Amino acid sequence: MTRRPRTSPRPAPGHRRRVRGARWAWPHRRAGADRSPGGARRGRTPWAGAALLAAALLLLVGCVTGPSLENRGTVTASPGDSRRLTVGSAGFTESDLLAQMYALLLNRAGYRTSLLTVANRELYEPALESGQIDVVPEYAATFADWLNAKANGPQAPPVGSPDLATTMTALRRLATPRGLTVLDPGRAVNQNAFAVARSFAREHGLRTLSDLGASGLRVRLAAGDECVQRPYCEPGLRKTYGIDISGVDPKGVGTTQAKRAVQSGRDQMVLTTTTDATLDQFGLVLLADDKHLQNADYVVPVVNRSRAGSEGVTTALGRLNDVLTTADLATLNEQVDSWRRLPADVARTYLEDKGLLK
């Protein structure tokens, strides 16, 4: 599943600057600080060294990447508890929201946090290993497969699985030698998913992908052009569910064009994600993946063990696990993408409503 950064970055709390692919933000200590009447925040530069540190990030991650090669396979650092932590974001709406929530929960636990956006995993993962980033929201199966390819080559068999326990075991096995600790997943999952027009589902009595397979209907699928080869897409739909795919319309994953093609009836199904916030706008509904074709891409915090591996960090971030659901994430995404609210404000309101912030 490809998650692309948004092309129009939104301001986070405090001052945010672009520095060679990285964006810093220093959260305010109180809600509403430096807010203009129109809702945007006016920035300040609280620490003189922020710009210099961000400028050095790309050089540092190229030189420092966690434990030395001869020590790979062993944990070389005890859990650390730095009181000043950098929370990373991958630059798209959902990652921004999760990073904001992580920062707010850590602030409440007594940590001082900054936010850094680095949209490319090839950059932010080494920064996480080196301690330039201390905490980042990730997706279990996707990150496991990425680390596996990094360790064993791009042709290595995938280790991500529809089974969460299997996926987490593989992920932690790959992350630990790199000085990373993968915290427990919560209830929220961002998986590939398939949607049809609500009228189409109602007409044919469809609630699950199994229903669609049993119906014998021919389906033209709006998706990325890689769908014809990916096991989770056309081949998996045929093999696992017996769905008769008449063709793949290469309009991308969850794009507006793809959804409009299904809305108009040109296509019958679209590949999107479980936290897509715009399906209602196009009159679309998800069909349940009742045979678990998709991998277990649960949201998991990943931390640098030597700086943020303490029980304090684990407890603070774990408070989100009991409340945040997939449906919640979709609603939060909608508030940012459709209602044009700031991720920082959406994150704070959500945590306050759930009783996690005072």
Side-chain angles (χ1 to χ4, degrees), residues 1-3 139-146 148-149 154-171 185 187-255 258-259 261-262 265-276 279 284-300 325-327 329-330:
M1 174 169 53
T2 303
R3 296 179 175 85
Y139 300 90
T142 295
F143 196 45
D145 284 339
W146 192 88
N148 186 46
Q155 303 305 316
V159 295
S161 161
D163 181 70
L164 178 58
T166 300
T167 297
M168 289 298 296
T169 297
L171 174 55
R187 300 158 61 192
V189 58
N190 186 334
Q191 293 170 305
N192 292 299
F194 297 91
V196 298
R198 184 177 288 107
S199 58
F200 183 80
R202 185 167 50 245
E203 177 184 357
H204 299 286
L206 307 177
R207 292 192 302 171
T208 68
L209 290 170
S210 287
D211 292 339
L212 181 56
S215 73
L217 294 166
R218 300 199 76 195
V219 172
R220 180 175 163 92
L221 176 62
D225 54 8
E226 71 278 6
C227 178
V228 297
Q229 296 179 330
R230 295 287 174 87
Y232 68 80
C233 204
E234 180 182 352
L237 291 172
R238 291 181 182 276
K239 180 178 180 180
T240 303
Y241 289 106
I243 297 174
D244 185 2
I245 305 293
S246 64
V248 173
D249 188 3
K251 293 188 180 300
V253 179
T255 63
K259 292 171 192 171
V262 176
R266 171 184 171 88
D267 299 332
Q268 288 72 51
M269 190 161 66
V270 59
L271 171 61
T272 182
T273 67
T274 52
T275 59
D276 190 324
L279 295 178
L284 307 181
V285 293
L286 293 178
L287 296 181
D289 180 20
D290 53 309
K291 293 184 179 179
H292 306 292
L293 171 63
Q294 304 303 321
N295 282 343
D297 259 328
Y298 283 74
V299 174
V300 290
T325 66
T326 303
L329 265 183

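Any value given below was found using the heavy atoms of this structure, including those in side chains, with hydrogens, waters and symmetry copies removed. Being a predicted model, the structure only gives us computed values, none of them experimental.
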Set out, in order, the CA-CA distance, both residues' side-chain angles and the distance that settles salt bridge (charged side-chain N to carboxylate O under 4.0 Å, His left out) for Glu234 and Arg238, then state yes or no.
CA-CA 6 Å; Glu234 180 182 352; Arg238 291 181 182 276; 3.0 Å; yes

From His292 NE2 over to Gln191 CD, what is the distance, rounded to the nearest 0.5 angstrom?
9.0 Å

Quick one: closest heavy-atom pair of Gly160 and Thr167, and the distance?
C-OG1, 4.0 Å

Interatomic distance, Asp163 atom CG to Met168 atom CE [nearest 0.5 angstrom]
11.5 Å

The residue among Thr275, Asp276, Thr142 that forms side chain to side chain donor-acceptor pair (under 3.5 Å) with Asn190 is Thr275

Do His204 and Val196 have side-chain heavy atoms sitting under 4.5 Å apart?
no

Interatomic distance, Leu171 atom CG to Thr166 atom OG1 [nearest 0.5 angstrom]:
12.5 Å

Can Val262 and Lys251 be said to form a side-chain contact (heavy atoms from CB on, under 4.5 Å), step by step?
CA-CA 11 Å; Val262 176; Lys251 293 188 180 300; over 6 Å; no

For the residue pair Asp297 and Thr274, establish whether any side-chain heavy-atom pair is separated by less than 4.5 Å.
no

Less than 4.5 Å apart, any side-chain heavy atom of Gln294 and any of Val189?
no

Within a strict 4.5 Å, meaning less than it, do heavy atoms of the Leu209 and Leu293 side chains meet?
no

Exercise: identify the closest heavy-atom pair between Ala296 and Ala140:
O-CB, 3.4 Å

Got Ile243 and Leu221 here, is their nearest side-chain heavy-atom distance under 4.5 Å?
no

Value for CG (Leu286) from CZ (Arg207), rounded to nearest 0.5 Å, stands at 14.0 Å

Steps toward side-chain contact (heavy atoms from CB on, under 4.5 Å) verdict (Asn295, Tyr232)
CA-CA 8 Å; Asn295 282 343; Tyr232 68 80; over 6 Å; no

Residue pair Phe200 / Leu206: nearest heavy atoms and the distance that separates them
CE2-CD1, 3.6 Å

No-hydrogen, no-angle side-chain donor-acceptor test under 3.5 Å, Tyr241 and Asp289:
yes

How many angstroms lie between atom CG of Asp225 and atom CG of Asp249, to the nearest 0.5 angstrom?
11.0 Å

If you take all heavy atoms of Asp267 and Ala222, which pair is closest and at what distance?
OD2-CB, 3.4 Å

Show your reasoning for whether side-chain contact (heavy atoms from CB on, under 4.5 Å) applies to Leu237 and Met269.
CA-CA 12 Å; Leu237 291 172; Met269 190 161 66; 3.9 Å; yes

Any non-hydrogen side-chain atom of Val248 less than 4.5 Å from a side-chain atom of Gln229?
no

Over all heavy atoms of both residues, which pair between Val159 and Ala170 is shortest? Give the atoms and the distance, please.
CB-CB, 3.9 Å

Go through the steps for Leu284 and Lys259 under the test side-chain contact (heavy atoms from CB on, under 4.5 Å), then give the verdict.
CA-CA 8 Å; Leu284 307 181; Lys259 292 171 192 171; 3.9 Å; yes

Testing the basics here: between Val285 and Ala201, what is the closest heavy-atom pair and its distance to 0.1 Å?
CG2-CB, 4.0 Å

Do Leu271 and Phe194 have side chains that approach each other closer than 4.5 Å (heavy atoms only, starting at C-beta)?
yes

Would you check if Thr208 and Asp211 make a side-chain contact, meaning some heavy-atom pair closer than 4.5 Å?
yes

With a cut-off of 6.0 Å (strictly less than), are more than 12 heavy atoms of other residues, nucleotides or ligands near OH of Tyr298?
no

